Amino acid sequence: MTTAVEIVDLEKAFDPSGLVGELRRVVGRPTTPVAALRRVTLHVARGEIYGVVGSNGSGKSTLARIVATLLTPDAGRARVFGHDVERKSAEIRRMLNRVSVDASFFKKLSPLENLVFSARLYDLPPSTAEPRVREILQRLGISGAPLNRPVEQMSRGMQQKVAVARAFLTAPVLLVLDEPTTGLDPASKRDVQAFIQEVRDSHDATVLLMSHDMDEIARLCDRMAVLDDGRIVAQGTPASLAAPGETLEDAFIRLTGHALGDTTNRRTERAEPAGVGETRP
Ligand SMILES: Nc1ncnc2c1ncn2[C@@H]1O[C@H](COP(=O)(O)OP(=O)(O)OP(=O)(O)O)[C@@H](O)[C@H]1O
Ligand SMILES: [Mg+2]
């Protein structure tokens, strides 16, 4: 069995002021780092759909960004198909694609133009890319006039679908999906979920899926982890995490001491950074 993602004792903390370097020294605002990931260890096998479920601020996006080489860990290690995220980021970026709610596009260009452009960055010639882009968008329910309308005129849900389409365009070996269906209506959600499953089954892709949607996790994932305040509190198959007679939601409450989405008893605050250094969605 090949390991697609290997994460061992991963740690990441943020300065809640969002200030870095000289600015931080000059301003001198006293801050205590916020731990976003605490000794996180998990292994994802090749071909698996692995889910990470957690409330707002539990550390899902931080984990997704470290795996996608957009953030560096403070301690521990993260490897993608044996490549270390810090030392081999270029290799990893060639095999991986990420979907997140902060996807950016050329807003004046259409979905078709945006995706054909993205395909060129991956050396796909427009003649090959365009039919593929049309096919993927069609499968996600975007066809006809919206294909050629500027992205800025599309609803947020539609834009999210274009972001999903872009991630699948290059048939990546590893897909890191950070809440790919948040903001989608139920029918669109199902389109995207069916597509994720299909890509895994037909393209031998591995999927790391961050979500707060228990139904989505239960439906799609072979295995999952529950992340709470930066710590993994349970891992296993969705069926193994729930005790007899318990739903996955019940199991989540038992494991974390709070309902999914209820962050009132959490210690850490969601600090908005001041736009210096790493930006977050
Ligand atoms: N760039 C940053 N600067 C400061 N703090 C940050 C930064 N990024 C994340 N954090 C903090 O790290 C913790 C984990 O955040 P993260 O975005 O990973 O959570 P999440 O599980 O993705 O939440 P959500 O469900 O809302 O997307 C939070 O306390 C958050 O405020
Ligand atoms: Mg997030």
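Note that these values count all heavy atoms, side chains included, but never hydrogens, waters or copies made by symmetry. This is a predicted model, so every value here is computed, not measured. The chain is numbered in sequence order, starting from 1. Whatever order the structure lists them in is the order used to number ligands and atoms, beginning at 1.
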Using a strict 4.0 Å threshold on nitrogen-to-oxygen distance, state whether [X] and [Y] make a salt bridge.
X	Y	result
K189	E216	no
E152	K107	no
E86	R77	no

- Message: Is the shortest side-chain heavy-atom distance between D213 and S211 below 4.5 Å?
- Response: yes

- Is any side-chain heavy atom of L227 less than 4.5 Å from a side-chain heavy atom of V40? yes

- Task: Just jot down the salt bridge (Lys or Arg N to Asp or Glu O under 4.0 Å) partners of D222, sequence neighbours excluded, or say none.
- Result: R200

Once you restrict to heavy atoms under 4.0 Å, what part of [X] touches ligand 1? Side chain, backbone, both or neither.
X	answer
E179	side chain
A64	neither
V34	side chain

Can I get a per-line list of side-chain donor-acceptor pairs under 3.5 Å for residues 43-51, giving both atom names and the distance, sequence neighbours left out?
unit_1, atom_1, unit_2, atom_2, d
R46, NE, D204, OD2, 3.2
R46, NH2, D204, OD2, 2.9
E48, OE1, A45, N, 2.8
E48, OE1, R223, NH2, 3.0
E48, OE2, R223, NE, 2.5
E48, OE2, R223, NH2, 3.4
Y50, OH, Q235, OE1, 2.7

Could you list the atoms of ligand 1 found under 4.0 angstrom from a heavy atom of [X]?
X	result
T62	14 (C), 15 (O), 16 (P), 18 (O)
H212	25 (O)
S55	21 (O), 25 (O)
A36	12 (O), 13 (C), 14 (C)

- Task: Output yes when the distance from some N or O of ligand 1 to some N or O of S61 is under 3.5 Å, and no in every other case.
- Result: yes

- Query: Any N/O/S atom of T62 sitting less than 2.8 Å from the Mg ion (ligand 2), backbone or side chain?
  - Reply: no

- Can you figure out which of G59, G57, A35, G54 has its heavy atom closest to atom 13 (C) of ligand 1? G57

